[in-house]
Amino acid sequence: MSDRYSLLGMDTAWRRFESARDGGNSIFDARMRSLEVSVAGLNLAPETVHLAAELAALEPALEADERMTLIVLILVSLVALQEGSTRFPVTGPLSEVPMRRVLSSLCAEGFGPGAVDRIVTSIEALLQSNRAAALVGQREDDYKPLLYIAPYIMHQSIYYCERELAIRLGALLSNRPDEQPDADRLARALHDVNERPVIVNGKQIVMSAEQRSVVEASARAGLTVISGGPGTGKTSIVVAIMRLIVRLGVDPSQIALTAPTGKAANRMGECVIESLTRIEQRDAVDQALLDAHLEPSTIHRLLGYSPDSGRFRHHRNNPLSAKVVIVDEGSMLDVTLMERLTNAIQPGARLILLGDANQLPSVAAGSVFRALVPSAEDGLGPLAAASMRLEVNHRMNSDDASGRSILLAARSINQGVAPVVERRSSPADLAFAGVEFLGATPRELGPFLDRWYADRVRGGKDVAELIKHEYIERDGGFDDADCVRLRVLFSHAAKSRILCVTRVFETGAERINARLHSRAAETADVAADRIPFVVGEPLLVLRNDYERGLFNGDNGVLLWVRRNNGSQMPMAIFPRGDNFVAFRFEALREFVELSYAMTVHKAQGSEFDSVAIVMPEKPVAVMTRELLYTAVSRSRTSVAIVGAESVLANAIATRVERFSGLADRLKLTLAG
């Protein structure tokens, strides 16, 4: 519990509306204190209990037991929201398993034997009697904090977002976009794109049949949803779509490229420019695209979000000017942000979403992208036609044993089957090729981290020399020789990463970063506890900084820099186009952290040659099949899974459980 919270005297929040009966209602008070402790295990702060009590105060006539039932119901709704659900079943057969899971944790202490059954019955009675009418609405148009539309409890604001989003998606599906091409014109434009391929290492990158089908479909529809695993060519398709629609009459300035995070947007921009540059037979259309210097932005920035007012500049009454909006990393989209985006798209414009429906869904509430990639039996009609899947992996060479084993492992995990792995008895046996499994408890991580640091992090003499080198910055950049050195160093730093399930615990990113920092400090002959960052260590940006052009998830390195003949000092260096930029480290210190290890959520959208997945000692709620699939698919050549087999098996068997009303809303909208 935070110091600030403890100083507020929160006991008055629930005591002020309680009578003095029952000796000051000590049972009620004890249960509130118990809830303060138990919510932490469900990723809620103790202050949440106070919030629930304040909301329950809107019903002053309730008896003490009813009030406690209402408080627990509010907390259940907040737990569901924290877990990413936009609605949660609290009554009827559908609620039996999820309600018992949440209540078993929430009311584990202080509620006595049989608490779960008793509270389930009390919640149903409270809702059926409508005794909490001031707080819980039971009609779709009720303007109350919570809505109960049997069997679900939901927050009214989220319900409204889902409803509006379904309406906007329905409009995109039913409205034909402007510049609708005829069949002959479309065929000629697509043929021209194919005849002018991107060249990589002297090899023509020609679209496959499924890629051509997806690109062609995007030119016809108001909404196109493209799902594909890592390496299936989603970024290549972005470039192909842009080249096609410009040939069909869309001006390059009317294309908006965007992504949920700054890191994803930045990477999207780099890939687009790189691909356009590598078209050797560029015609005037391709050159116009390249000259347009399209810079992808975050969705918040595209919509003109103001942190001060909490409002967006672009909305239904002030839509975006773009005729085509292309969104990468769509699996990260939550329901609120998606509603804001679709609300700002002008009539006749196209929306194209790309992502991986099998990856982790958004951190915030909603599984939007998954709802937009229906299976054949979902019966979503026009939406099913707008959804395209990419199956062929182009990144991993299936002829290479390592790439093939990773590809097969990712597919097995996605299907809920244990992957084929090479079992290693000790860290010394790791070959860092293909998919390997090392059984180890948190207390046995030391030898593995020693091996990882020596083999994957420290590098050879050449890397050590690059770390010691003094880099000279002039006029905001570095000369060609220093750029060559920096590319080599950054390439080494970006090859490998430890991926963790959580930030906390011995197996979390924070602790592993600290342990690897100790090894780096020992190598540099400095005290790890006195020097929190050592020259040569990898850095991770924690939040967007538009002024400096840094984005959440950007990777840098701390190195010695001399700026404009000044004194030498450690500075944080980051890639920037064809060059690099350096910033005084003290100015960034609060906004960066070490990045030897990072959470799987942070790694979404990244690619590495080699990853190690360090699992927690025991199963935790976030350790799911989707998380493991996302982690494994970050790597090209090597995956080392470290932990207990039982935890691995549990993760493969556990799917992300999110309750969403978007699919049902879409069915109603499309049917109507």
Side-chain angles (χ1 to χ4, degrees), residues 360 424 426-428 430 432 435-459 492-524 526-542 552-558 589 591-604 606-624 627-628 630-632 634-635 638-644 647-648 651:
L360 285 167
R424 308 302 184 196
S426 72
L430 288 168
F432 295 119
V435 183
E436 304 172 282
F437 179 83
L438 175 65
T441 68
R443 291 178 295 278
E444 297 169 336
L445 278 179
F448 165 74
L449 294 177
D450 286 338
R451 173 75 198 282
W452 182 267
Y453 180 75
D455 194 287
R456 304 279 92 184
V457 176
R458 187 171 181 179
H492 171 76
K495 283 182 178 178
S496 305
R497 195 73 80 239
I498 294 178
L499 303 182
C500 303
V501 176
T502 64
R503 291 185 59 84
V504 297
F505 309 133
E506 282 295 306
T507 57
E510 290 179 355
R511 182 61 185 145
I512 289 179
N513 276 325
R515 294 174 72 167
L516 289 172
H517 169 68
S518 296
R519 288 159 175 79
E522 183 180 353
T523 300
V526 297
D529 57 342
R530 296 183 61 185
I531 309 294
F533 296 89
V534 176
V535 170
E537 290 196 294
L539 305 173
L540 182 72
V541 176
L542 298 177
N552 181 15
D554 280 352
N555 290 282
V557 179
L558 183 65
R589 189 166 178 171
F591 314 124
V592 297
E593 66 181 7
L594 294 171
S595 64
Y596 296 110
M598 63 199 312
T599 63
V600 178
H601 276 95
K602 279 282 188 182
Q604 275 189 275
S606 299
E607 299 175 13
F608 308 101
D609 286 343
S610 178
V611 302
I613 304 169
V614 177
M615 299 185 297
E617 185 173 17
K618 299 177 180 179
V620 294
V622 295
M623 184 68 179
T624 62
L627 182 137
L628 192 60
T630 302
V632 168
R634 296 310 88 205
S635 180
S638 167
V639 176
I641 303 174
V642 183
V647 176
L648 176 63

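F432 contributes atom CZ, which lies 14.0 Å from atom NZ of K495 (distance to the nearest 0.5 angstrom). Between atom CG of residue L628 and atom CE of residue M615 there is a gap of 7.5 Å, rounded to the nearest 0.5 Å. Taking CG from L539 and CZ from F533, the interatomic distance works out to 6.5 Å, rounded to the nearest 0.5 Å. Once rounded to the nearest 0.5 Å, the distance linking CD of E436 with CD1 of I613 reads 12.0 Å. Atom CD of residue E506 and atom CZ of residue R443 lie 9.5 Å apart, to the nearest 0.5 angstrom. Separation of atoms CG (D450) and CZ (R515) is listed at 9.0 Å; rounding is to 0.5 Å.
Between L430 and F448 the shortest side-chain heavy-atom distance falls below 4.5 Å. Side-chain atoms of P427 and L438, non-hydrogen and from C-beta on, do get closer than 4.5 Å to each other. K602 has its side chain within reach of N552: a pair of non-hydrogen atoms, C-beta onward, lies under 4.5 Å apart. Contact of the L449 side chain with the R519 side chain is registered, since non-hydrogen atoms from C-beta on lie closer than 4.5 Å. Taking the side chain as every heavy atom from C-beta outward, P442 and R511 never approach each other to under 4.5 Å. Considering only heavy atoms from C-beta on, Y453 stays 4.5 Å or farther from S518 through its side chain. By the 4.5 Å heavy-atom criterion applied to side chains, L516 and I498 are counted as neighbours.
The nearest pair of heavy atoms linking I512 to A597 is CG2-CB, 3.8 Å. Considering every non-hydrogen atom in both G508 and C500, the closest pair reads C-SG, 3.8 Å. Minimum interatomic distance between L627 and M623 (heavy atoms only, all atoms of both residues): CD2-SD, 3.9 Å. Residues N513 and L594 share a closest heavy-atom pair of ND2-O, 3.0 Å. Across all their heavy atoms, G439 and E444 have their closest contact at O-OE1, 4.4 Å. Taking each heavy atom of W452 and S610 in turn, the nearest pair found is CH2-OG, 4.0 Å.
Side chain of R497 to main chain of S595: a donor-acceptor pair is present (N/O by atom type, distance under 3.5 Å, no hydrogens or angles). Between the side chain of R451 and the backbone N or O of P447, no donor-acceptor pair lies under 3.5 Å. Using a distance-only test at 3.5 Å, with no hydrogens or angles considered, a donor-acceptor pair links the side chain of S635 to the main chain of D609. With hydrogens and angles ignored, the 3.5 Å screen pairs no side-chain donor or acceptor of R503 with any backbone N or O of E510. No donor-acceptor pair under 3.5 Å is formed between the side chain of H517 and the backbone N or O of Y596.
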